[in-house]
Amino acid sequence: MEKIKSLRGFRDIYGDEVIRFRLIEDISRRYLELFGYKEIIIPVLENTGLFVRTIGDATDIVEKEMFTFTDTGGDSVTLRPEATAGMVRAYLETGMFAKERISKLFSIGPMFRHERPQKGRYREFRQVDVEVFGIEAPIIDAELIWMIYLILKSIGLAEYTIETNSVGCPECREGFKRLIVGYFEDKKQDLCEDCRRRLQKNPLRIFDCKSPGCKEISGSSPLLFDNLCDPCRVHFDGFLSHTEELNIPITVNKRLVRGLDYYTRTVFEVTSGGLGSQNAFLAGGRYDNLVQSMGGPPVPGIGFAIGVDRLSLLISTSVKKDGSTVFLAYLGDRAKGFIVPMMRLFTENNVKFFYLPDAKSLKSQMRYADSVGADTVLIIGDDEIDKGILIVRDMAHSSQTTLPLDLTNLIDNLKGLSKK
RNA sequence: GUGGGUGUAGCUCAACGGUUAGAGCAUCAGGCUGUGGACCUGGGGGCUGAGGGUUCGAAACCCUUCACCCACCCCA
């Protein structure tokens with residue numbers, strides 16, 4: 001029979017990695033709540049049109065990376081490749097926009113992109129997604145960076161770089177597009193095939209091209225950053241001065257471009273070495289026109305997402321033992337009868353309880369107790385039952401004593417022992 | 001979609017074209033008839049990714065295919 005394996009790019013998260021995932025998500029939650037964010041759980045599957053419209057039909061994500069299929073009802077549906085589109089949809093659909101002036105939301109869950117997997121890149125990956133609706137002032141941009149700084153610090157990540165840029169608003173972008181289309185048009189024959197296409201559909205993306213020829217050409221081109229309109233310039237300067245006040249080291253990268261079309265003004269990306277070429281583990285930016293473009297009121301927005309899988313590659317696990325573990329070692333059929341009562345007793349009292357079903361020798365039970373990290377082993381055999389006692393072994397100190405075989409007071413008696 | 005690398009025990013890896021494919025770790029048992037970690041002894045565990053070919057003989061060489069990894073592209 002052929003073995004059934006997980007799909008390409010889909011994987012099982014287990015062992016230490018689960019601990020790291022949980023650490024990232026727990027710490028994120030803690031700070032998000034501190035900053036007033038509310039968790040929202042949104043669907044993994046949405047109408048395909050939602051992503052095409054918001055992310056942009058000329059982006060790689062939409063052109064070739066979406067898990068799109070037709071459901072049995074004949075509708076085209078897509079596994080979300082990112083969270084913002086769904087968050088905006090939910091923000092509008094639930095009527096939050098009308099109920100509150102500012103909405104600070106977060107959501108944690110899997111995203112799906114049909115890409116060739118490699119280090120830090122999977123077809124199913126987890127994100128902590130954060131969105132703020134209703135604040136135009138650049139102080140919120142800085143507040144997000146501050147929160148990110150605190151989260152990463154708390155996780156224990158030391159080496160990373162925060163890069164930022166402003167991609168302007170539609171007005172300054174239109175002007176700039178005309179400027180660079182003219183610039184690139186002259187050098188069109190030296191551009192790669194992709195970039196010639198981008199020149200028509202999305203000229204700003206040429207700056208992100210890694211082919212040497214295009215890099216050289218775009219390297220000496222005018223930059224959007226230097227051609228922002230006044231309001232966008234003032235906004236970005238405000239953002240920078242707030243990050244200075246907060247004393248967060250942040251690098252302006254005038255060439256930083258996001259892969260989704262909806263971004264405006266502030267964009268940022270947090271990268272780290274040690275991730276191979278997928279070095280961005282957190283990214284985001286402002287999207288002041290997205291809500292309106294989806295049929296909502298003109299509410300500005302800003303958000304970011306943490307790539308949990310990637311961040312987990314950067315942190316080391318610190319497994320901490322929580323609570324004590326009691327293990328029951330039994331010998332003989334009479335002793336076996338204590339398994340069920342003890343399981344009830346300990347679990348009812350929130351004590352971790354282990355035993356080895358189908359156990360044979362005491363030795364094998366002791367080995368197993370050690371392997372599961374038991375700190376107390378209770379030993380019961382015929383001798384003990386006859387004497388009305390049980391043996392209590394302290395695994396860390398290799399010492400043992402006896403207690404009465406009295407289940408009603410056993411928990412208290414054990415507590416008394418550990419206090420000594 | 002393109003390029004490179006790797007597929008052998010549960011895991012990490014050995015084995016010049018030549019007996020019955022090995023080792024460490026893990027696992028189980030024994031040493032210790034009722035006591036864990038360390039140590040010693042032993043056991044189980046493999047269609048050498050799959051299919052074809054070359055050869056007296058293939059884990060190895062050739063072809064095909066599949067899978068995984070890394071990189072490009074793009075992105076979290």
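Just so we're on the same page: letters track the sequence lines, and every chain starts at 1. Basis for what follows: all heavy atoms, side chains included, without hydrogens, waters or symmetry-related copies. Remember, predicted model here, so these are calculated numbers, not experimental data.
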Next item on the list: Hey, which sits more toward the 5' end of RNA chain B by its nearest nucleotide, A:S364 or A:A305?
Entry: A:S364
Note to self: How many whole angstroms separate atom CD of A:E269 from atom C1' of B:C75?
What the structure shows: 8 Å
Check: If you measure from CD1 on A:I250 to OG1 on A:T161, what distance do you get to the nearest 0.5 Å?
Finding: 11.0 Å
Check: Can a side chain N or O of A:Q118 be found less than 4.0 Å away from OP1 or OP2 on B:C69?
Finding: no
Margin query: Checking contacts here: which listed nucleotide (B:C73, B:G30, B:G36) is nearest the side-chain heavy atoms of A:S361?
Written below: B:G30
Margin query: Looking only at the side chain of A:E115 (C-beta and beyond, no hydrogens), which of the listed nucleotides B:C32, B:G34, B:A76 gets closest?
Written below: B:A76
Next item on the list: Side chain of A:F281 only, please: which of B:C72, B:G36, B:A76 is the nearest?
Entry: B:A76
Notebook entry, point to check: Starting at OH of A:Y368 and ending at C1' of B:U35, how long is that distance when rounded to a whole Å?
Noted result: 18 Å
Note to self: Counting only side-chain heavy atoms from C-beta out, which of B:G31, B:C74, B:A76 sits nearest to A:E65?
What the structure shows: B:C74
Next item on the list: Assert yes or no for the condition that the ring centre distance of A:Y37 to A:F106 is strictly below 6.0 Å.
Entry: no
Margin query: Rounded to whole Å, how long is the line connecting atom CG of A:D370 with atom C1' of B:C39?
Written below: 15 Å
Check: A:R121 has a side chain; which of B:A76, B:G36, B:G3 sits nearest to it?
Finding: B:A76
Note to self: For B:A38, give the paired nucleotide (Watson-Crick: N1-N3 plus N6-O4 or O6-N4; G-U: N1-O2 and O6-N3; both under 3.5 Å), or none.
What the structure shows: none
Checklist line | Between B:A29 (C1') and A:M366 (CE): distance, integer Å | finding: 18 Å
Note to self: Expressed as a whole number of angstroms, how long is the span from A:D12:CG to B:C68:C1'?
What the structure shows: 14 Å
Notebook entry, point to check: In whole Å, what separates the C1' atom of B:C32 from that of B:G37?
Noted result: 15 Å
Check: Now, which nucleotide makes the Watson-Crick or G-U wobble pair with B:A67, with each of the two distances under 3.5 Å?
Finding: B:U6
Note to self: Contact between A:P81 and A:E65 at the side-chain level, heavy atoms closer than 4.5 Å - yes or no?
What the structure shows: no
Check: If only side-chain N and O atoms of A:R8 are considered, is one of them under 4.0 Å from the OP1 or OP2 phosphate oxygen of B:C68?
Finding: yes
Margin query: Quick check: on RNA chain B, is the nucleotide nearest A:R393 upstream (toward 5') of the one nearest A:R116, or the reverse? Name the residue that is more 5'.
Written below: A:R116
Item checked: Out of B:U35, B:A76, B:G1, whichever nucleotide has its closest atom nearest the side chain of A:I391 -> B:U35
Check: Using purine N1 to pyrimidine N3 plus N6-O4 or O6-N4 for Watson-Crick, or N1-O2 and O6-N3 for G-U wobble, both under 3.5 Å, which nucleotide pairs with B:G57?
Finding: none
Next item on the list: Hey, can you tell me if A:W146 and A:Y149 have their rings parallel, tilted or perpendicular (30° and 60° cut-offs)?
Entry: parallel
Check: What about the rings of A:F281 and A:F304, do their centers lie closer together than 6.0 Å?
Finding: no
Next item on the list: Can you tell me, in whole Å, how much space there is between the P of B:G7 and that of B:G44?
Entry: 28 Å
Next item on the list: Over 60° means perpendicular and under 30° means parallel, so classify the ring planes of A:F67 and A:H114, tilted if in between.
Entry: perpendicular
Margin query: Between B:C68 and B:U12, how many Å separate the two P atoms, rounded to a whole number?
Written below: 15 Å
Checklist line | Between B:C73 (P) and A:N279 (CG): distance, integer Å | finding: 12 Å
Next item on the list: Using both distances under 3.5 Å as the test, list the Watson-Crick or G-U wobble partner of B:C32, or none.
Entry: none
Note to self: A cation-pi test, strictly: NZ or CZ of A:R11 under 6.0 Å from the centre of the six-membered ring of A:Y122 and no more than 45 degrees from its axis. Yes or no?
What the structure shows: yes
Next item on the list: Answer with yes or no whether the side chains of A:N409 and A:D412 bring together a donor and an acceptor at under 3.5 Å.
Entry: no
Margin query: Could you identify the nucleotide paired to B:U48, looking across every strand shown and requiring Watson-Crick or G-U wobble geometry with both distances under 3.5 Å?
Written below: none
Check: Among B:G34, B:G1, B:C73, which is the nearest nucleotide to the side chain of A:I379?
Finding: B:G34
Notebook entry, point to check: Under 4.0 Å between a side-chain N/O of A:K64 and OP1 or OP2 of B:C74, yes or no?
Noted result: no
Checklist line | Nucleotide of B:U35, B:C70, B:A76 approaching A:K119 most closely (side-chain heavy atoms) | finding: B:C70
Next item on the list: In whole angstrom, give the distance that lies between atom OH of A:Y263 and atom C1' of B:C75.
Entry: 11 Å
Next item on the list: Answer yes or no: side-chain N or O of A:Q400 and base N or O of B:U35 forming a donor-acceptor pair under 3.5 Å.
Entry: yes
Notebook entry, point to check: For B:C11, which nucleotide in any strand shown is its Watson-Crick or wobble partner with both distances under 3.5 Å?
Noted result: B:G24
Notebook entry, point to check: What does A:D383 touch in the nucleic acid at a heavy-atom separation under 4.0 angstrom: a base, only the sugar-phosphate, or nothing?
Noted result: base
Next item on the list: Give one of base, sugar-phosphate or nothing for A:E384, where a contact means two heavy atoms less than 4.0 Å apart.
Entry: base
Next item on the list: Give the minimum heavy-atom separation between A:R334 and A:D386, together with the two atoms involved.
Entry: NH2-OD1, 3.1 Å
Margin query: Using atom C1' in both nucleotides, what's the gap between B:A14 and B:A59 to the nearest angstrom?
Written below: 12 Å
Check: Base, sugar-phosphate, or nothing for A:L331, non-hydrogen atoms under 4.0 angstrom?
Finding: base
Next item on the list: Write down the distance separating the C1' atoms in B:G49 and B:A38, rounded off to the nearest Å.
Entry: 39 Å
Check: Under 5.5 Å between ring centres and under 30° between planes: true for A:F125 and the base of B:A76?
Finding: yes
Next item on the list: Please work out if A:Y122 contacts a base, only the sugar-phosphate, or nothing of the nucleic acid, heavy-atom cut-off 4.0 Å.
Entry: base
Next item on the list: Using the P atoms only, state how far B:A58 lies from B:G18, rounded to an integer number of Å.
Entry: 11 Å
Next item on the list: Please work out if A:A283 contacts a base, only the sugar-phosphate, or nothing of the nucleic acid, heavy-atom cut-off 4.0 Å.
Entry: sugar-phosphate
Margin query: Looking at A:R367 and B:G37, is any side-chain donor or acceptor paired with a base atom of the opposite kind under 3.5 Å?
Written below: no
Margin query: With rounding to the closest Å, how many angstrom separate the P atoms on B:C25 and B:G43?
Written below: 16 Å
Check: Separation of A:K363 atom NZ from B:G31 atom P, in whole Å?
Finding: 8 Å
Note to self: Please report the distance separating the C1' of B:G45 from the corresponding atom of B:U64, rounded so that it comes out in whole Å.
What the structure shows: 32 Å
Check: Among B:A71, B:C73, B:A76, which is the nearest nucleotide to the side chain of A:R113?
Finding: B:A76
Notebook entry, point to check: Could one point to a donor on the side chain of A:S371 or the base of B:G36 with an acceptor on the other under 3.5 Å away?
Noted result: no
Notebook entry, point to check: Does A:R258 place a side-chain N or O at less than 4.0 Å from the phosphate oxygens OP1/OP2 of B:A76?
Noted result: yes
